[in-house]
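These notes are about the structure you will find just below.
In this chain, numbering begins with 1 at the start of the sequence shown. Atoms within each ligand, like the ligands themselves, are counted from 1 in listed order.
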Amino acid sequence: MSGGSTSTPATAAIRSHTDRREHLFSLAQATAGFMPDDEGEALFLAALRAGASFEQATFVEIGAWCGKSTVYIGAAAEATGAVLFSLDHHHGSEENQAGWEHHDASLLNPATGRIDTLPHWRSTVVGAQLESSVVGVVGDSPTVSAQWRTPLAFCFIDGGHGEAPAWADYRGWAPKVAEDGWLVIHDVFPDPGDGGRPPYDIWRAALDSGEFVEDGECGSLRVLRRL
Ligand code: SAH
Ligand code: MG
């Protein structure tokens with residue numbers, strides 16, 4: 001034993017898990033996107049519980065952008081042997097288009113003239129070495145949900161925040177959440193002065209359906225659990 005510190009294989013394993021988690025958190029924090037650090041950690045913890053509660057758990061996130069939330073959820077997938085399917089058409093939401101609040105012209109793909117976050121998402125996931133736990137699904141959310149058959153231990157909705165896309169995500173994905181599984185919704189603002197209505201409305205709809213109960217919150221992140 002060196003330097004008077006006790007190191008057993010068990011403490012070494014715990015340390016390497018903690019190091020990996022801290023490493024992934026700092027990568028996520030450095031990734032472009034729309035997820036405050038504390039909400040990202042709450043997202044990770046909810047996904048970790050889902051991964052620990054289900055055998056070979058399947059996770060889906062709707063709305064990946066450059067991979068910030070992907071790394072938080074991917075970290076939980078890796079730690080629990082789950083697989084995260086990270087879905088986005090990568091053309092950005094309405095609010096990311098030219099002339100809107102969250103536009104970033106550096107994300108335009110000159111070949112298509114459209115926003116293209118896929119190369120950024122890919123660099124994030126490869127850089128985080130999460131490719132064995134995270135699978136990218138490139139496409140339109142309702143098209144994918146209409147074909148999706150696998151029950152979800154964990155579903156994160158953070159796609160388009162307009163009326164039509166938010167309701168399409170709720171109607172398309174909430175029914176895929178397994179019994180006892182988790183549904184997490186981002187950008188839920190009870191005060192209309194803080195942000196748009198649709199994410200709040202679908203969160204309310206999930207509770208009013210009687211199929212989901214509240215299971216925690218952090219900032220605008222709402223964690224629900226299916227009964
Ligand atoms: N979770 C991300 C932010 C997501 S921003 C983070 O942590 O930073 C919302 C994303 O939803 C955008 O990348 C946009 O391309 C995607 N999106 C919007 N409508 C969509 C649709 N119909 N199908 C697939 N993705 C969609
Ligand atoms: Mg969001």
Can you list the steps and then say if Asp88 with Trp121 is a side-chain hydrogen bond (donor to acceptor under 3.5 Å, both in side chains)?
-> CA-CA 10 Å; Asp88 202 306; Trp121 179 90; over 6 Å; no
Take Phe85 and Val144, measure what side-chain contact (heavy atoms from CB on, under 4.5 Å) needs, and give me the verdict at the end.
-> CA-CA 11 Å; Phe85 293 88; Val144 180; over 6 Å; no
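- Interface of Gly63 with ligand 1, defined as ligand atoms under 4.0 Å from a residue heavy atom, comprises 1 (N), 2 (C), 4 (C), 10 (C), 11 (O).
- Between His89 and His91, the ring planes are tilted. Angles from 30° to 60° get that label.
- For ligand 1, the polar-atom distance check finds an N/O of Gly92 within less than 3.5 Å of one of the ligand's N/O atoms.
- When His161, His102, His186 are each tested for a ring pair (Phe, Tyr, Trp, His ring centres under 6.0 Å) with Phe34, only one passes: His102.
- Remark: distances from the non-hydrogen atoms of Leu87 to ligand 1 are all 4.0 Å or more.
- The shortest contact between atom 22 (N) of ligand 1 and any protein heavy atom is with Asp140 OD1, 2.8 Å.
- Inclusion of Glu61 in the set of residues having an N or O under 3.5 Å from an N or O of ligand 1 is not warranted.
- Heavy-atom neighbours of Arg197 CZ from other residues, nucleotides or ligands within 6.0 Å: above the threshold of 12.
- The protein heavy-atom contact nearest to atom 3 (C) of ligand 1 is Asp158 OD2, 3.5 Å.
- The distance from atom CD1 of Ile202 to atom CG of Asp169, rounded to the nearest 0.5 Å, is 6.5 Å.
- The closest non-hydrogen atom to atom 11 (O) of ligand 1, taken over Ala168, Gly172, Gly159, comes from Gly159.
- Looking at Ser93, Gly139, Pro142 and measuring to atom 18 (C) of ligand 1, the nearest heavy atom belongs to Ser93.
- Looking only at its N/O/S atoms, His186 has ND1 as the one nearest to the Mg ion (ligand 2).
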So Ser93 and Trp100, side-chain hydrogen bond (donor to acceptor under 3.5 Å, both in side chains) or not? Walk me through it.
-> CA-CA 10 Å; Ser93 303; Trp100 289 73; over 6 Å; no
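- Considering His89, Lys68, His90 only, the shortest heavy-atom separation from atom 19 (N) of ligand 1 involves His89.
- For His23, the NE2 atom sits in a packed shell: over 12 heavy atoms of surrounding residues, nucleotides or ligands are nearer than 6.0 Å.
- The closest protein non-hydrogen atom to atom 8 (O) of ligand 1 is Phe34 N, 2.8 Å.
- Those atoms of ligand 1 that come under 4.0 Å of a heavy atom in Trp65, given as number and element, are 2 (C), 3 (C), 4 (C), 12 (C), 13 (O).
- Regarding atom 12 (C) of ligand 1, its nearest protein heavy-atom neighbour is Asp88 OD2, 3.4 Å.
- In terms of heavy-atom proximity, Cys66 sits nearest to Thr117 at SG-CG2, 4.0 Å.
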Just do the side-chain contact (heavy atoms from CB on, under 4.5 Å) check on Trp203 and Leu207 with the steps written out, would you?
-> CA-CA 6 Å; Trp203 169 72; Leu207 285 174; 3.6 Å; yes
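- Residue His161 does not count as close to the Mg ion (ligand 2), with no N, O or S atom under 2.8 Å.
- Ligand 1 has no atom lying under 4.0 Å from any heavy atom of Thr117.
- An N or O contact shorter than 3.5 Å is missing between Gly33 and ligand 1 by distance.
- The minimum heavy-atom distance linking Glu211 with Arg226 is given by the pair OE1-NH2, 2.7 Å.
- Taking the six-membered ring for Trp and the full ring otherwise, Tyr72 and Phe44 have centroids separated by 6.0 Å or more.
- For atom 6 (C) of ligand 1, the candidate residues are Ser69, Ala166, Gly160; the nearest heavy-atom contact is made by Ser69.
- Of all atoms in ligand 1, numbered sequentially from 1 with element shown, those under 4.0 Å from a heavy atom of Met35 are 7 (O).
- Contacts between Pro165 and ligand 1 below 4.0 angstrom, taking non-hydrogen atoms only, are absent altogether.
- Draw a line from the Mg ion (ligand 2) to OD2 of Asp187 and another to OD1 of Asp158, and the angle between them is 90° (to 10°).
- Nearest protein heavy-atom neighbour of atom 23 (N) of ligand 1: Ser141 N, 2.8 Å.
- Salt-bridge formation is detected for the pair Glu217/Arg222: a Lys NZ or Arg NE/NH1/NH2 atom is positioned less than 4.0 Å from an Asp or Glu carboxylate oxygen.
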